[in-house]
A.B. asks: 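Quick one: the structure is below, and I'll ask about it shortly.
Counting starts at 1 for both ligands and their atoms, in listed order. All heavy atoms count here, side chains included; hydrogens, waters and symmetry mates do not.
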Amino acid sequence: MRVYLDNNATTKIDPMVTVKMQPFLGEFYGNPNSLHQYGMEVRPHLNEALGYMYDALNVPDEDDILVTSCATESNNTVIKGVYFKHILKNPEKNHIVTTSVEHPCILETLHFLSDNGLVDVTYVDVDENGGIKAEDIKNAVTDKTVLITMMWANNETGMIFPVEEVSEFAKEKGILFHTDAVQAIGKVPVDLTKVDVDYLTFSAHKFHGPKGIGGLYVKKGKNLPNLLHGGEQMGGKRAGTLNVASIVGMGLAMKQAAGHIEKMNTEVRRLRDKLEDALSTIPDTIIVGPREQRTPNTLLISLKGIEGEAMLWDLNKKGIAASTGSACASESLEANPVMTAIGEDPELAHTAMRLSLSRFTTEDEIDYVIDAFIKAAERLRSISSTYAYTNEVG
Ligand SMILES: Cc1ncc(COP(=O)(O)O)c(CNc2co[nH]c2=O)c1O
């Protein structure tokens with residue numbers, strides 16, 4: 001049996017999306033910027049896909065949704081665009097507030113600019129639950145702050161951050177607000193009539209769309225300089241020939257994701273909670289964050305005395321795919337950054353395991369994982385040189 005529980009890393013393409021994309025990988029190959037029939041015939045499909053994205057975010061046509069290659073590009077566009085448009089011309093106001101547990105494509109972009117002396121960044125730490133307190137973001141703001149960038153939900157823990165309160169605060173203060181919503185779309189409602197953001201990032205492969213395509217929502221009047229120049233695509237705001245098949249796929253995937261929010265927060269949440277309750281019976285485990293404050297599909301569990309990689313390998317041999325955290329960093333055998341930020345002791349930070357479900361996860365799969373996970377934990381602890389069951393030692 002094979003069970004995929006690494007959906008926060010990437011998801012399988014919804015079969016309906018594959019079917020929708022097929023024609024644009026074959027007969028409909030025209031460049032949409034071409035003025036002949038081959039180009040013109042694909043345009044209605046692009047417009048339909050963008051319409052699905054506008055509907056999913058509940059935003060008006062006057063706002064922009066720029067299609068990018070991925071969330072990494074979208075996040076780079078915002079941070080470097082804010083620098084070039086606002087900070088370069090007024091270096092006095094060069095402060096950016098973010099969190100210490102953003103995705104590396106946020107953190108390393110900020111490090112790149114700050115290492116070159118171009119911006120000043122405050123990284124707000126998470127609390128003991130892996131959450132962010134709005135008050136801590138507010139207290140980090142100064143009269144030099146030009147941007148707050150705070151993810152909607154964390155990719156490692158699933159913890160949902162206070163985007164509504166922070167966006168209201170940013171608006172009151174005249175500070176730009178960006179949220180990386182990659183781990184929120186398709187899991188929790190993302191209705192921008194309720195959360196007033198200036199910029200929002202998303203990525204199709206996180207909600208059963210194709211890899212290598214993402215988006216950046218830009219509120220009317222908040223346009224930034226291009227990251228990529230040299231083409232009239234996206235109204236001249238993001239150059240490069242449009243990836244028609246993937247845009248069509250991302251549009252339908254976003255529509256489907258929005259349509260399954262109810263299922264994610266009922267059936268999928270129930271399966272996640274069943275898994276979490278069962279794994280919590282294993283002695284000396286920590287599960288990060290109160291489940292009601294997390295996205296419905298995610299749990300991050302630490303098992304004292306068991307290296308995350310060892311558990312991963314054991315599960316992998318049984319056909320179960322999970323991760324020790326963000327795949328982007330999974331090659332490094334460093335401690336899980338979120339566990340470190342929470343203040344867990346280094347030993348526990350090396351034992352973190354992330355399990356993330358999807359709307360395609362079944363009850364039989366969860367039952368199989370529960371059995372395999374508990375047996376793997378028992379086996380690995382029985383051969384551990386550092387772990388002794390406390391009830392035996394006590
Ligand atoms: C919050 C967040 N932002 C940005 C990205 C980058 O998205 P991409 O550029 O479209 O790939 C990811 C990918 N996160 C993960 C990738 O693998 N494991 C993860 O947790 C993410 O989780």
A.B. asks: Under 4.5 Å between any side-chain heavy atoms of Y4 and I320, yes or no?
C.D. replies: no

A.B. asks: Please identify which atoms of ligand 1 are closer than 4.0 Å to at least one heavy atom of R354.
C.D. replies: 18 (N), 19 (C), 20 (O)

A.B. asks: Of the listed options (E156, K206, M151, K211), which comes nearest to atom 13 (C) of ligand 1 when hydrogens are ignored and any heavy atom counts?
C.D. replies: K206

A.B. asks: Can you check whether A71 has an N/O within less than 3.5 Å of an N/O in ligand 1?
C.D. replies: yes

A.B. asks: Which of the numbered atoms in ligand 1 are below 4.0 angstrom from a heavy atom of A9?
C.D. replies: 16 (C), 17 (O), 18 (N), 19 (C)

A.B. asks: Measuring from non-hydrogen atoms of E102 to any atom of ligand 1, is the shortest distance under 4.0 Å?
C.D. replies: no

A.B. asks: Please work out, at 4.0 Å between heavy atoms, whether the side chain, the backbone, both, or neither of T72 comes within that distance of ligand 1.
C.D. replies: both

A.B. asks: Are Y387 and K304 side-chain neighbours, meaning at least one heavy-atom pair lies under 4.5 Å?
C.D. replies: yes

A.B. asks: Hey, what's the ring geometry for F24 with F28, parallel, tilted or perpendicular (30° and 60° as the breaks)?
C.D. replies: tilted

A.B. asks: Is H205 close enough to touch ligand 1? Criterion: a residue heavy atom under 4.0 Å from a ligand atom.
C.D. replies: yes

A.B. asks: Got T98 and M151 here, is their nearest side-chain heavy-atom distance under 4.5 Å?
C.D. replies: no

A.B. asks: Does a side chain donor of either D64 or Y217 reach within less than 3.5 Å of an acceptor in the other side chain?
C.D. replies: no

A.B. asks: Within 45° of the ring axis of F360 and under 6.0 Å from its six-membered ring centre, is that where the NZ or CZ of K12 lies?
C.D. replies: yes

A.B. asks: N8 and side chain to side chain donor-acceptor pair (under 3.5 Å): which single residue from N154, T157, N297, N155 fits?
C.D. replies: N297

A.B. asks: Does NZ or CZ of K80 lie under 6.0 Å from the centre of the six-membered ring of F112, at an angle within 45° of the ring axis?
C.D. replies: yes

A.B. asks: Evaluate N155 for polar contact with ligand 1, using N/O atom pairs at a separation under 3.5 Å.
C.D. replies: yes

A.B. asks: Of all the heavy atoms in E73, does at least one lie under 4.0 Å from an atom in ligand 1?
C.D. replies: no

A.B. asks: With atoms numbered from 1 as shown, which atoms in ligand 1 lie under 4.0 angstrom from a non-hydrogen atom of D180?
C.D. replies: 1 (C), 2 (C), 3 (N), 4 (C)

A.B. asks: Side chain or backbone of S203 under 4.0 Å from ligand 1, or both, or neither, by non-hydrogen atoms?
C.D. replies: side chain

